[in-house]
Amino acid sequence: MLTQISAMTSALENVGLSLLKDHLNHCVVDAARAGGPEAEEKIEEAMAAIARLVKS
């Protein structure tokens, strides 16, 4: 049972990292290139997502 829980936790972490990578590669990079307030907002959004992943 603990092995299954560990496997599921690892799988969910990998999904989270994959989603974060996709978000960084598209939304954040595009916003950073455009500059302005949207860039700052996307960077803050990404930092908050990274903080949540690190804390979990």
Side-chain angles (χ1 to χ4, degrees):
M1 175 103 157
L2 292 177
T3 301
Q4 291 170 328
I5 292 170
S6 178
M8 289 298 294
T9 300
S10 179
L12 288 171
E13 288 173 353
N14 286 333
V15 168
L17 287 171
S18 177
L19 290 171
L20 180 59
K21 180 180 179 182
D22 187 57
H23 181 62
L24 289 171
N25 283 332
H26 297 285
C27 296
V28 177
V29 169
D30 290 346
R33 284 186 182 136
E38 185 180 353
E40 291 295 323
E41 181 181 324
K42 291 296 181 182
I43 291 169
E44 288 300 318
E45 193 177 280
M47 290 302 298
I50 292 167
R52 285 191 301 274
L53 278 173
V54 171
K55 290 180 182 178
S56 64

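Bear in mind the structure is a predicted one, so any value in this text is a computation, not a measurement.
With sequence neighbours excluded, no residue satisfies side-chain contact (heavy atoms from CB on, under 4.5 Å) with Ala32. Legend: residues meeting side-chain contact (heavy atoms from CB on, under 4.5 Å) with Glu45, ordered by chain and number and at least two apart, are His23, Lys42. Checked against side-chain hydrogen bond (donor to acceptor under 3.5 Å, both in side chains), Asp22 has the following partners two or more places apart in sequence or in another chain: His26.
The minimum heavy-atom distance between Ala46 and Leu20, with the atom names listed, is O-CD1, 4.5 Å. Between Ala31 and Ala39, the closest heavy-atom pair is O-CB, 3.2 Å.
At least one side-chain heavy atom of Val28 sits less than 4.5 Å from a side-chain heavy atom of Ile43.
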All N/O donor-acceptor pairs, side-chain side in residues 2-19, below 3.5 Å, sequence neighbours left out:
from: Thr9; atom 1: OG1; to: Ile5; atom 2: O; distance (Å): 2.9
from: Asn14; atom 1: ND2; to: Ser10; atom 2: O; distance (Å): 3.3

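Taking CG from Asp30 and CG from Leu24, the interatomic distance works out to 11.5 Å, rounded to the nearest 0.5 Å.
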